[in-house]
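Numbered from 1 within each chain, the chains take letters A, B, ... in sequence-line order.
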2 protein chains.
Amino acid sequence: MVEERQEMDRCDCEVIHEDIVNLVRSKMPLEETLYDLAELFKVFGDSTRIKILWALDEAEMCVCDIAWLLNMTQSAISHQLRVLKQANLVRNRKEGKIVFYSLIDEHVKQIFNQGLEHTREL
Amino acid sequence: MVEERQEMDRCDCEVIHEDIVNLVRSKMPLEETLYDLAELFKVFGDSTRIKILWALDEAEMCVCDIAWLLNMTQSAISHQLRVLKQANLVRNRKEGKIVFYSLIDEHVKQIFNQGLEHTREL
DNA sequence: CATACATATGAATGATTGTTCATATATTCA
DNA sequence: TGAATATATGAACAATCATTCATATGTATG
C-alpha cells in the first residue's frame with residue numbers, strides 16, 4: 001500500500017522553513033513510539049491513579065485498604081487497578097481472599113518527581 | 001468547617017493494616033499537589049501534544065510548520081498549543097504575522113525519556 | 001453447605017476532551 | 001483601503017473515561 005501524504009493547509013513559510021521542518025521530521029521518533037508514550041502518560045493523568053501509585057510506592061496494599069486510604073469505593077479502586085495493571089505499572093499477589101497490589105517499575109517515582117519539579121516552577 | 005471523614009466500605013483488614021494505612025497516609029503529598037501532577041500528565045497524555053513538544057525540543061517552529069510536520073490542520077494545532085501554553089510548557093514569540101513557539105521547560109525531555117524507558121521494558 | 005467477605009466486572013451515566021468547521025483578529029503588502 | 005495570509009477562537013460533535021450500581025466470582029469459616 002502506498003503511503004500518500006495528505007495535502008495540508010500549507011502556508012508560505014514552506015520555502016523558508018522547509019529545511020527545519022524536514023530536519024525535525026528526521027529526528028522524530030516513530031509514530032508508534034510517541035503513541036505508546038502518550039498512552040503511558042494518559043494513565044498518570046488521573047489523580048486517583050496518581051494517588052494509588054504514590055501509595056503503592058510506600059507499601060504493598062490490598063484493595064480495600066487503598067479504598068479506605070483514598071476515601072473511595074472498592075469498585076472504583078478495583079477498576080483503576082485494572083488500568084494500572086494493563087499498563088504494567090502494578091502487579092498483584094493473592095493471599096486467601098485478599099489481593100495485595102504493589103508497584104512494578106522504579107521509574108514511576110522518578111517520573112513523578114520530575115513532574116513535581118515542573119509544577120513547582122510556576 | 002469541620003472535616004468529616006465519610007464512612008467508607010471498610011473491610012476487616014482494618015485491624016491488621018491500620019498502621020500501614022496510617023503510615024502511608026502520613027507520607028502522601030497534599031491532595032492539591034497530586035491533583036496538579038495529574039493535570040500535568042494529562043497534558044502529556046495525548047499523542048498530538050507529545051509530538052508537538054518533541055518537535056519543539058528540536059527547534060522553535062511556527063504554527064503552520066507544526067501543522068505541516070504533523071499532517072494536521074492549523075486549527076487543531078492552535079488549540080493544542082493553547083493547552084500547552086496554559087500548562088506553562090511552551091512560550092511564543094511573534095514576528096509579524098508569524099507566531100513562533102518554543103519549549104520552556106528542560107524537564108520535559110527528561111520526563112519523556114524516563115517514560116520511554118518504561119515502555120521499552122515490556 | 002451456607003454465610004460472610006474481598007475483589008472483579010459489566011452496564012449505565014455524566015463529564016471531559018480532541019477535532020472540525022466557520023469565522024474573527026491581526027498583520028503585511030500592493 | 002482592500003486583499004491575502006497567519007493565527008486564534010467559539011460552537012458542535014463524536015469519542016473517551018471515571019465513577020456508581022448491581023451483581024458475579026472466589027475464598028475462608030462455622
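The residue from R91(B), R93(B), M61(B) that alone fulfils the side chain to side chain contact (heavy atoms under 4.5 Å, CB included) condition with S102(B) is R91(B).
Out of dA8(D), dG18(C), dT7(C), the shortest distance to the side chain of R49(B) is found at dG18(C). Closest to the Y101(A) side chain, of the nucleotides dA8(C), dA8(D), dT7(C), is dA8(C).
Between the CD1 atom of I66(B) and the P atom of dT19(C) there is a distance of 14 Å, rounded to whole Å. Distance, M61(B) CE to dT7(D) C1': 15 Å, rounded to whole Å. One atom, CZ of R82(B), and another, P of dT25(C), lie 15 Å apart when rounded to the nearest Å. The distance between atom CG of D65(A) and atom P of dC5(C), rounded to the nearest whole Å, is 16 Å. Rounded to an integer number of Å, the gap from CD1 of I77(B) to C1' of dT9(D) is 15 Å. What separates CD1 of I98(B) from P of dC29(C) is a distance of 11 Å, to the nearest Å. Rounded to a whole Å, the CG atom of L84(A) is 12 Å from the P atom of dA8(C). Rounded to whole angstrom, the span from the CG atom of L81(A) across to the P atom of dA18(D) amounts to 13 Å.
Here the side chain of N113(A) pairs a donor or acceptor atom with the backbone of K109(A) at under 3.5 angstrom.
Using a 4.0 Å heavy-atom distance criterion, K85(B) is classed as making no nucleic acid contact.
Annotation: of the two residues near DNA chain D, S78(B) and Q80(A), the 5′-most nearest-nucleotide partner is S78(B).
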Set out, in order, the CA-CA distance, both residues' side-chain angles and the distance that settles ring-ring contact (aromatic ring centres under 6.0 Å, His included) for F44(B) and F112(B), then state yes or no. CA-CA 9 Å; F44(B) 294 153; F112(B) 285 3; 5.3 Å; yes
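A side-chain donor-acceptor contact under 3.5 Å links E117(B) and H107(A).
Between the CD atom in E18(B) and the CZ atom in R25(B) there is a gap of 9.0 Å [rounded to 0.5 Å]. With rounding to the nearest 0.5 angstrom, the CG atom of L34(A) is 7.5 Å from the CG atom of L116(B).
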For nucleotides 20-30 of chain D, just jot down a letter per nucleotide in 5' to 3' order: B, S or -, based on protein non-hydrogen atoms under 4.0 Å. BBB---BBS--
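No side-chain heavy atom of L30(B) sits under 4.5 Å from any side-chain heavy atom of Y35(B).
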